[in-house]
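Convention: sequence-line order gives letters A, B, ...; per-chain numbering from 1.
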Amino acid sequence: MLESVTQSMCLSNTMVCDPLMSWTELSGTTKDDYATYSYSFWTSIHPEYWSKHNVCEWLQFCCDQYKLDANCISFSRFNINGLQLCNMTQEEFLEAAGIYGEYLYFILQNIRMHGISFFTDAEETKLSNKDCNCLLPIQDLQNSHLWEFVRDLLLSPEKNGGILEWEDRGQGIFRVVKSEALAKMWGQKKKNDRMTYEKLSRALRYYYKTGILERVDRRLVYKFGKNAHGWQENKI
DNA sequence: CTGTAGTTTCCTGGTT
DNA sequence: TAACCAGGAAACTACA
């Protein structure tokens, strides 16, 4: 993945960069400056309006936040502003971002479309560690919310164990098959061994208010609402 | 330190 | 009767 940066498709239109140039050299930002950034910063400005500086900082932010090995990314390929970044085709992006290409592209598209809400399903992102010895903390991304946990379980049959199943995949309708097991699993994630389906379902019912879930008039059946995302097939 | 979001816990009452 | 569902109320926790 360290193809020559002198290829014509290199998106830096102003300079030929040293592929090993670090993000600090490019952005002129120190780690301390960078540390002050948070999720809200990256969503407060649409990616199209990011400066070159911001693009570099965003990459470093992702590395830091998701424990990606910055050495696997050629920062010099991203010496571009936000508009150029957004105008990259997926192919160009993958080419430039190397092994984390799909992952970062995925995150960027999400910021563009939904602000800072990431999809975390390994199947959807089609990420694997086989190309690199860097470990991707896919499972532990921003899926700390209950509905995301449920969504990801639905999208990962291997983790699911028959706890949840789709009733109508296209409409986002699903059924809780093993309520007790679901509660136990959620409790495990939240390090709370007192979790029960009674309490979990109360939390699910709060989602009706926010449009994350819609009410379905059947026992143990729920439906993703207009404000839930990432559950649809072939759609980011 | 203050406010808010997202639960968690508990509860009363109704339904399957 | 057990398991669920509907929400109100209040406590709790992480984060901005």
Check the interface with nucleotides 10-16 of chain B: list each N/O to N/O pair with the protein under 3.5 Å, or write none.
unit_1	atom_1	unit_2	atom_2	d
B:dT16	O2	A:Arg219	NH2	3.1

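Residue A:Thr196 has no polar side-chain atom (N or O) positioned under 4.0 Å from OP1 or OP2 of B:dT9. Taking side-chain N and O atoms only, A:Asn192 has a distance below 4.0 Å to OP1 or OP2 of B:dT9. Look at A:Trp147 and you won't find any side-chain N or O under 4.0 angstrom from OP1 or OP2 of B:dT7.
Mapped onto DNA chain C by nearest heavy atom, A:Lys209 and A:Arg218 fall at different nucleotides, with A:Arg218 at the one closer to the 5' end.
At a cut-off of 3.5 angstrom, the base of C:dA9 holds at least one donor-acceptor pair with the side chain of A:Tyr206.
When the side-chain contact (heavy atoms from CB on, under 4.5 Å) test is applied to A:Tyr208, the partners found at least two apart in sequence or on another chain are A:Arg205, A:Leu213, A:Arg215, A:Tyr222. Residues satisfying the salt bridge (Lys or Arg N to Asp or Glu O under 4.0 Å) criterion with A:Glu198, sequence neighbours excluded, are absent altogether.
Residue A:Val150 is not grouped with residue A:Ile173 when hydrophobic side chains (ILVMFWY) are merged at heavy-atom distances under 4.5 angstrom, including chains of intermediate members.
In terms of modelled atom types and a separation under 3.5 Å, the side chain of A:Ser156 and the main chain of A:Leu153 share no donor-acceptor contact.
Candidate nucleotides C:dC5, B:dT7, C:dG7 were compared by shortest atom distance to the side chain of A:Leu220, and C:dC5 ranks first.
A:Phe149 and A:Trp186 have tilted rings, their planes meeting at an angle from 30° to 60° on a 0 to 90° scale.
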